[in-house]
2 protein chains.
Amino acid sequence: MRRDSRLSRMLHVLIHMDRIDGAATSDQIAQMLGTNPVVVRRTMAGLRDDGYVHSEKGHGGGWVLTRPLSEITMLDIHRAIGNPAFFAVGVAVDHPECLVEQAVNSALGSAFEAAEKLLIEKFASVTLADLADEFDQRMAKIANKPTCELSR
Amino acid sequence: MRRDSRLSRMLHVLIHMDRIDGAATSDQIAQMLGTNPVVVRRTMAGLRDDGYVHSEKGHGGGWVLTRPLSEITMLDIHRAIGNPAFFAVGVAVDHPECLVEQAVNSALGSAFEAAEKLLIEKFASVTLADLADEFDQRMAKIANKPTCELSR
DNA sequence: GGAATTCGAAACTTTTGTTGTTGCGAGATG
DNA sequence: CATCTCGCAACAACAAAAGTTTCGAATTCC
């Protein structure tokens with residue numbers, strides 16, 4: 001089962017966007033992610049609708065952050081890209097009346113619930129500013145350059 | 001992203017198998033799951049290789065449990081069906097050298113690690129006998145019949 | 001021994017969801 | 001008014017999982 005990496009990618013992009021002047025075009029972002037601009041627009045549309053970025057058309061247009069990184073959590077971005085399911089494993093509902101299935105699904109479900117709760121708490125507790133700080137610390141340690149298209 | 005329900009289904013099947021006499025054929029199990037016998041064999045093959053069930057060919061053949069339910073945990077079955085990834089969301093590795101990506105993936109990764117640890121602990125702590133007990137309790141409460149093909 | 005049953009395995013097809021592509025329109029800039 | 005850029009919809013390509021077909025081999029029943 002393929003993993004959805006949009007959250008990781010969007011977080012990555014947003015932090016870079018915070019460090020550059022002006023707008024980042026869908027094309028630039030697409031190059032950075034090794035994909036194409038339409039896919040970028042599709043994903044960024046969610047962030048725009050939720051008010052984290054703004055898009056401008058025409059010369060010099062593109063995407064810009066509309067909030068400080070300190071006011072955006074990882075959970076916010078997860079929601080903004082459509083709240084995709086965290087889990088690749090789920091319960092089967094072949095026989096909803098079957099008491100065996102119910103017992104199995106109850107145990108599985110409570111495990112997934114607890115894990116999801118943990119994930120959500122963690123995601124909600126980390127802002128993009130925290131991630132940027134973490135980046136700065138790594139940067140200070142190895143005195144090297146970050147190397148993505150957007151940061152050049 | 002579609003969810004993998006094999007774990008749920010296999011747990012369900014194994015508990016029913018424990019309650020019936022003799023072997024359950026791939027055909028019977030397939031009917032119960034609304035699928036076909038080849039898929040059942042594919043999945044059961046993992047359980048056989050890990051020693052939880054045994055298969056017999058010919059008349060009266062099929063699948064039988066080779067251990068008491070109390071000696072099989074939910075985690076065992078998860079492993080037996082190939083240890084499928086728990087998470088549908090993952091980190092992107094577009095720029096492994098990029099310190100921003102590293103910071104993002106470190107935060108995401110630690111959240112997933114903690115959630116996975118929780119899941120594994122929970123799965124390892126629940127035996128199929130526990131699930132069967134849970135079933136019995138539900139049964140006692142509503143004084144009704146479980147209703148799957150295998151239990152008739 | 002022969003017919004029927006059942007699993008084992010490989011090859012192939014179908015299905016489903018995601019991603020990528022194309023094309024056109026609309027707004028903004030120079 | 002030419003160019004850049006996003007918005008959107010339709011379509012194509014791709015990948016992963018599930019389903020199907022078709023063998024073969026082992027077992028049981030008669």
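Note on naming: letters A, B, ... go to the chains in the order of the sequence lines (proteins, then strands), and numbering restarts at 1 for each one.
Taken over five-pair windows at either terminus, the axes of the helix from dG1(C)-dC30(D) to dG30(C)-dC1(D) are inclined to one another by 0° (rounded to 10 degrees).
Checked against salt bridge (Lys or Arg N to Asp or Glu O under 4.0 Å), R6(A) has the following partners two or more places apart in sequence or in another chain: D4(A). Taking S70(A) as the reference, P68(A), A129(A) meet the side-chain contact (heavy atoms from CB on, under 4.5 Å) condition, with sequence neighbours excluded. Checked against side-chain hydrogen bond (donor to acceptor under 3.5 Å, both in side chains), T35(B) has no partners two or more places apart in sequence or in another chain. Residues passing the salt bridge (Lys or Arg N to Asp or Glu O under 4.0 Å) test with R19(B) are D136(B), sequence neighbours excluded. For D21(B), there are no side-chain contact (heavy atoms from CB on, under 4.5 Å) partners at least two apart in sequence or on another chain. For the salt bridge (Lys or Arg N to Asp or Glu O under 4.0 Å) test, residues two or more places apart in sequence or in another chain that qualify with D94(B) are R9(A).
The nearest whole Å value for the distance from the CH2 atom in W63(A) to the P atom in dC6(D) is 7 Å. Between the CD1 atom of I29(A) and the C1' atom of dG20(C) there is a distance of 17 Å, given to the nearest Å. If you take CZ of R2(A) and C1' of dG20(C), they are 11 Å apart, rounded to a whole angstrom.
Counting all heavy atoms, side chain and backbone alike, L65(A) lies closest to M17(A) at N-CE, 3.8 Å. Taking each heavy atom of P37(B) and A30(B) in turn, the nearest pair found is N-CB, 3.4 Å.
Once rounded to the nearest 0.5 Å, the distance linking CZ of R79(B) with CD1 of I77(B) reads 11.0 Å.
Residues from residues 79-89 of chain A lying near DNA chain C, meaning a heavy-atom separation below 4.0 Å, are absent. In the region residues 40-55 of chain B, proximity to DNA chain D at under 4.0 angstrom, judged on heavy atoms, holds for R42(B).
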N/O-N/O pairs, protein side and nucleotides 2-5 of chain C side, under 3.5 Å:
{"residue": "dT5(C)", "atom": "O4'", "partner": "H59(B)", "partner atom": "NE2", "Å": "3.4"}

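Listed for the Q31(A) side chain is no donor-acceptor partner under 3.5 Å among the backbone atoms of Q28(A). A donor-acceptor pair is defined here as one N or O able to donate and one able to accept, closer than 3.5 Å; such a pair exists between the side chain of E101(B) and the backbone of H95(B).
Across the interface with DNA chain D, nearest-nucleotide mapping of E56(A) and R3(B) shows E56(A) to be the residue nearer the 5′ end. Where P37(A) and D4(B) meet DNA chain D, the nucleotide closest to each residue was compared, and P37(A) sits on the side nearer the 5' end.
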Just distance, no hydrogens or angles: give the donor-acceptor pairs under 3.5 Å from side chains in residues 42-60 of chain B, sequence neighbours left out.
{"residue": "T43(B)", "atom": "OG1", "partner": "V39(B)", "partner atom": "O", "Å": "3.0"}
{"residue": "H54(B)", "atom": "NE2", "partner": "E56(B)", "partner atom": "OE2", "Å": "3.1"}

Contacts table for residues 117-124 of chain A: side-chain donor-acceptor under 3.5 angstrom, sequence neighbours left out:
{"residue": "K117(A)", "atom": "NZ", "partner": "E121(A)", "partner atom": "OE2", "Å": "3.3"}
{"residue": "K122(A)", "atom": "NZ", "partner": "S110(B)", "partner atom": "OG", "Å": "3.0"}

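The side chain of S26(B) places no N or O atom within less than 4.0 Å of a non-bridging phosphate oxygen (OP1 or OP2) of dT6(C).
If you check dA9(C), dC8(D), dG7(D) against the side chain of V38(B), the one that comes closest is dA9(C). Across dG19(D), dG7(D), dA18(D), the shortest atom-to-atom separation from the side chain of N36(B) is found for dG19(D).
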